[in-house]
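Notes for the one structure printed next.
Hydrogens, waters and symmetry mates are skipped; everything else that's a heavy atom, side chains included, is used.
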Amino acid sequence: MTTWMPDPSLGHGPLYARIADQIEQAIAGGMLPAGTKLPPQRNLAFDIGVTIGTIGRAYHLVRERGLVSGEVGRGTYVLDNAELRPAEQADPMTAALAGTRPIKAPPGKLRFDSTAAPDIGQGKSLEKVLIDISREHHADIASYARDFPAHWFEAGSQWLAKGTFRPQPDRIVPTLGAHAGAVAVIAAVTAPGDKIAFENITYSQISRSAGLIGRRTILLRTDDYGLDPDDFERVCAQQHPKLAFLMPTAQNPTVVTLSLERRQAIADIARRYGVWLLEDDLYGAMTGDMTPLLAELAPERTFLVGGLSKSVAAGVRGGWVACPPHFSQRIRIAHKMVSGGMPFLLAELCARLVLSGEAAILRSRSIEEIRAREQMARDIFSGIEFNSHPHVPFLWLKLSEPWFSGTFKHAAFEEGVLVDDEDEFKAGRTDSVFHRVRIGFSSPADRNEVRRGFLTLRRLLDSGRTGYDSFA
C-alpha cells in the first residue's frame, strides 16, 4: 500500500474531482505504478480531513476513467491500461461543467437522474403534426426562420398563462426550451463580471451556464419554506446582484412552493434594489398551484420561462420567455446569439401543439402517469422522509444515518440505479449539507421498471452502509 496522499487544496472543480485528478496525475507520473493499492477510503478521508463520501466518489471517478479496479475484500488497485481511458474525460473543466452526473450515462442503468416527460405515446401525436407541417411548409422548413408568425407568440402567451395572469403576445420570445431561454435572459441583461443570485440548492445547470459566459454566482439561504426573504435582502444590500434565478413553485430539487407572503417580499426587495428576477415555472406549471407568479407581482422586472420538456415531450426542445415591457426584442436577439436561432420546424410544432390543445392533453396524460408513479413512491418509501408533489416527476429524499448523499449515490450506481446527489444542485460552494438525494422517476419506460428501481433504493436505505462495500 502506498503512502502517497492528495492535497485537497490543489486543483479546480468539486473536491472529489480534484482528488480524482491528483490520483490520475500520480498514476501518469509514476508515483502510483500499476498494481499499487490505494489507501482505504476511511483512512485517506481521515488523513486529509474530508468525508468518506468524498473519497468514495473520487475512487468511483477514477474507476470510471479506467485507472483502477476495486474488489470486495481486497481494495482498490492501479491498473496497467490507463491509456484506454477516453481522452475527453481527462479535462477537469469538462468534468466541472458536467456536474456530478456521468458525462456519458453508462448503459444498463435505470435512469432515476432525469425528469423528462414520461413516454405516454407522444410519438403518434408528434408524427401527425410534423407531417402536416412538412406538407404545408416545404420552403420554410428548408431555410432559416426569418419571420416569426403571430401564432408563435400567441402559443407562448397561452402556455405561460396561470390563473388571472396571461402575458401579452408582444412580450413573448419563442426559445429552444426553458434552459436556452434562461441563458438568453442572463446574457441580455447582465455583463461579464456581474453577480447572479441563486438559492443555495437549485437547478445548478443555469449557474454553470452563467459561469461559462463570465457571470459570478452568489448564494441565497433557504429554509424548509424556500428562499429566505431576509437573506435575499442582505445579499442585495451587501453584494448587489444584477439578477436572481428562482423557482417559486415546485422548486427543483426541494419541491418547495413559496408562500404568497414570501413572493411579495421578494418582489418588493428586488424592486427596491433594482434586481432583475428570472422565474422558472417549468415544474410549477404542472402543479395546478394558483399562487401568483413573481411575473404577476413584479411584471416590470421579471422574466418568466417555461416549456414542454417536462410535461409534453423532452425531445421537443421548445419553450418561451415572457418579458417585461420593451425587452422582448433584446431577449430574442440574445437567444439567437447564444443558441444559433429558432428553427421553423420546432417553433411551428410547439405552436401547433399548444394552440390545437394537444399539448394540454399530453400534459394531462403525463401528469396522470406521474401521479401513479408518485403514489408508488409513497407506498414503497413509507416511513422515510421525503418531499414530493403528485404532479412533479421527482422526490427529494432524506437519507437516514449513516448515509452521505454521495455515498448513497455511489451505492445506488453499483446496484444499477442512477440518482442525483445533493452536490448536483449546489449552485456554488456552500457549507450547507442536506443529506438528501433527488430521485427522478419519469424516464423509466414503464411502472414495472419504476417499481424495481424504488425497491432497490428502499433495500439500500433499510440495510444502511453495512449493506454496501465501497472497496475500502
Side-chain angles (χ1 to χ4, degrees), residues 115-117 156-167 177-179 181-182 185 197-207 220-229 232 243-270 275-299 301-312 319-323 359-360 363-364 366-367 370-371 374 386-396 425 427 436 438 440-442:
T115 55
S157 173
Q158 182 174 314
W159 192 252
L160 296 180
K162 178 181 285 190
T164 60
F165 172 79
R166 178 164 180 167
H179 183 110
V185 170
F198 293 87
E199 293 162 283
N200 56 6
I201 192 155
T202 186
Y203 176 56
S204 65
Q205 290 191 33
I206 298 295
S207 67
L220 304 169
R221 187 170 61 240
T222 59
D223 57 25
D224 291 342
Y225 304 99
L227 173 61
D228 179 353
F232 181 49
L243 178 146
F245 173 81
L246 302 172
M247 306 179 76
T249 308
Q251 199 260 9
N252 181 19
T254 66
V255 204
V256 168
T257 291
L258 280 175
S259 67
L260 176 57
E261 180 182 13
R262 289 201 178 196
R263 294 181 195 218
Q264 289 174 327
I266 290 166
D268 290 342
I269 293 164
V275 178
W276 296 110
L277 297 175
L278 177 52
E279 181 175 18
D280 183 337
D281 198 45
L282 200 56
Y283 298 105
M286 301 168 65
T287 65
D289 183 90
M290 288 294 111
T291 307
L293 296 161
L294 291 173
E296 186 171 3
L297 299 173
R301 64 184 55 259
T302 303
F303 296 86
L304 174 67
V305 297
L308 305 180
S309 63
K310 308 304 181 185
S311 59
V312 177
W320 297 269
V321 179
C323 305
R363 178 165 63 183
S364 178
S366 291
I367 288 172
I370 289 167
R371 184 187 292 115
E374 193 265 352
F386 63 87
N387 299 355
S388 71
H389 185 285
H391 299 178
V392 175
F394 59 87
L395 55 92
W396 184 231
F425 302 97
R436 288 182 181 258
R438 194 196 74 169
F441 48 78
S442 55

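Taking the side-chain hydrogen bond (donor to acceptor under 3.5 Å, both in side chains) definition, one finds that Thr302 meets it with nothing, sequence neighbours left out. For Ser204, the side chain to side chain contact (heavy atoms under 4.5 Å, CB included) partners two or more places apart in sequence, or in a different chain, are Ser207, Arg208, Glu424. With sequence neighbours left out, the side chain to side chain contact (heavy atoms under 4.5 Å, CB included) criterion links Thr287 to Thr249, Ala250, Asp289, His389, Val392. When the side-chain hydrogen bond (donor to acceptor under 3.5 Å, both in side chains) test is applied to Asp223, the partners found at least two apart in sequence or on another chain are Arg262. Here Ala197 pairs with Ile218, Leu220, Pro241, Ala244 under the side chain to side chain contact (heavy atoms under 4.5 Å, CB included) rule; sequence neighbours left out. Residues forming a side chain to side chain contact (heavy atoms under 4.5 Å, CB included) with Ala359 (at least two apart in sequence, or on another chain): Trp159, Val312, Leu353, Val354.
Side-chain atoms of Phe441 and Ile370, non-hydrogen and from C-beta on, do get closer than 4.5 Å to each other. The shortest distance between side-chain heavy atoms of Trp396 and Ile201 falls below 4.5 Å.
The closest donor-acceptor contact from the side chain of Asn387 to the backbone of Val255 lies at 3.5 Å or more, if one exists at all.
Ring orientation note: the planes of Tyr203 and His179 are nearly perpendicular, at an angle over 60° on the 30°/60° scale. Classification of the Phe394-Tyr283 ring pair by plane angle, with boundaries at 30° and 60°, yields perpendicular.
Across all their heavy atoms, Ala270 and Arg301 have their closest contact at O-NH1, 3.7 Å.
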